Amino acid sequence: MYETVKPKEVKTWFKAAEVSKFPKNGGACIKYKDKQIAVFNFTREGTWYACQNACPHKMEMVLSRGMIGEENLVPKVACPMHKKTFSLKTGENLNGELEAIATYPVKVEGDVVYVGFSE
Ligand code: FES
């Protein structure tokens with residue numbers, strides 16, 4: 001149900017929320033259709049990321065509450081449950097063999113954050 005969307009595959013820029021709704025260096029969950037998406041405001045990097053909110057370990061809807069950071073220049077999120085970490089760029093599980101999480105393009109225009117979907 002969750003599939004990575006590349007920037008060139010975006011058909012819909014979904015208006016997620018205003019920038020102020022996302023904590024600095026943290027995440028918040030948004031809903032698009034039946035999907036829960038974690039959106040991260042990586043202030044330290046000046047970048048935004050989005051991924052599925054479900055952690056593939058136990059399919060808990062928790063990744064938006066994860067800690068974000070960097071490992072070897074790769075931005076990552078650590079699941080708050082059992083600390084599995086995932087690249088916010090490729091979705092790859094960096095400390096295990098779990099399946100990759102889906103990632104989505106994000107853009108900010110003015111004060112508004114948009115997440116890109118392919119449908
Ligand atoms: S549910 Fe995410 S690491 Fe276990």
Side-chain angles (χ1 to χ4, degrees):
M1 158 175 158
Y2 292 98
E3 269 182 46
T4 287
V5 177
K6 301 248 162 56
K8 60 178 189 307
E9 297 165 349
V10 172
K11 292 212 177 80
T12 308
W13 283 107
F14 175 69
K15 185 174 171 180
E18 285 169 18
V19 167
S20 60
K21 298 278 190 270
F22 301 91
K24 290 190 172 146
N25 295 306
C29 179
I30 63 150
K31 262 198 106 174
Y32 175 71
K33 297 187 177 170
D34 56 350
K35 293 179 167 59
Q36 282 193 29
I37 306 292
V39 179
F40 297 99
N41 178 7
F42 206 151
T43 326
R44 274 195 306 275
E45 263 193 3
T47 328
W48 291 75
Y49 296 101
C51 67
Q52 67 183 56
N53 195 28
C55 175
H57 183 217
K58 302 273 187 203
M59 291 315 276
E60 303 260 7
M61 295 291 185
V62 289
L63 289 181
S64 65
R65 293 192 278 115
M67 284 266 289
I68 54 174
E70 263 183 25
E71 186 173 319
N72 302 326
L73 298 179
V74 177
K76 64 173 183 179
V77 58
C79 177
M81 303 295 284
H82 316 98
K83 306 292 182 262
K84 301 288 186 197
T85 56
F86 301 90
S87 161
L88 288 169
K89 281 203 168 141
T90 64
E92 178 196 355
N93 180 202
L94 300 169
N95 62 352
E97 303 286 312
L98 294 171
E99 66 182 274
I101 56 171
T103 59
Y104 302 86
V106 182
K107 71 173 181 181
V108 177
E109 274 178 14
D111 233 8
V112 180
V113 181
Y114 298 83
V115 179
F117 294 97
S118 57
E119 72 233 50

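Being a predicted model, the structure only gives us computed values, none of them experimental. Each ligand, and each atom within it, is numbered from 1 in the order the structure gives.
Apart from V62 itself, the hydrophobic cluster it occupies contains M81, where clustering links Ile, Leu, Val, Met, Phe, Trp and Tyr at side-chain heavy-atom distances under 4.5 Å.
Within the structure, no pair that satisfies the side chain to side chain donor-acceptor pair (under 3.5 Å) test touches residues 9-26, not counting sequence neighbours. Within the structure, every pair that satisfies the side chain to side chain donor-acceptor pair (under 3.5 Å) test and touches residues 66-84, not counting sequence neighbours, is listed here: H57-H82, E71-K76.
For the pair T103 (side chain) and T90 (backbone), a donor-acceptor distance under 3.5 Å is absent. Proximity of a side-chain donor or acceptor of N41 to a complementary backbone N or O of W48 within less than 3.5 Å is not detected.
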query = Where do I37 and Y104 land on the side chain to side chain contact (heavy atoms under 4.5 Å, CB included) test, with the steps shown first?
reply = CA-CA 9 Å; I37 306 292; Y104 302 86; 3.6 Å; yes
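Protein N/O/S atoms closer than 2.8 Å to atom 2 (Fe) of ligand 1: C55 SG, C79 SG.
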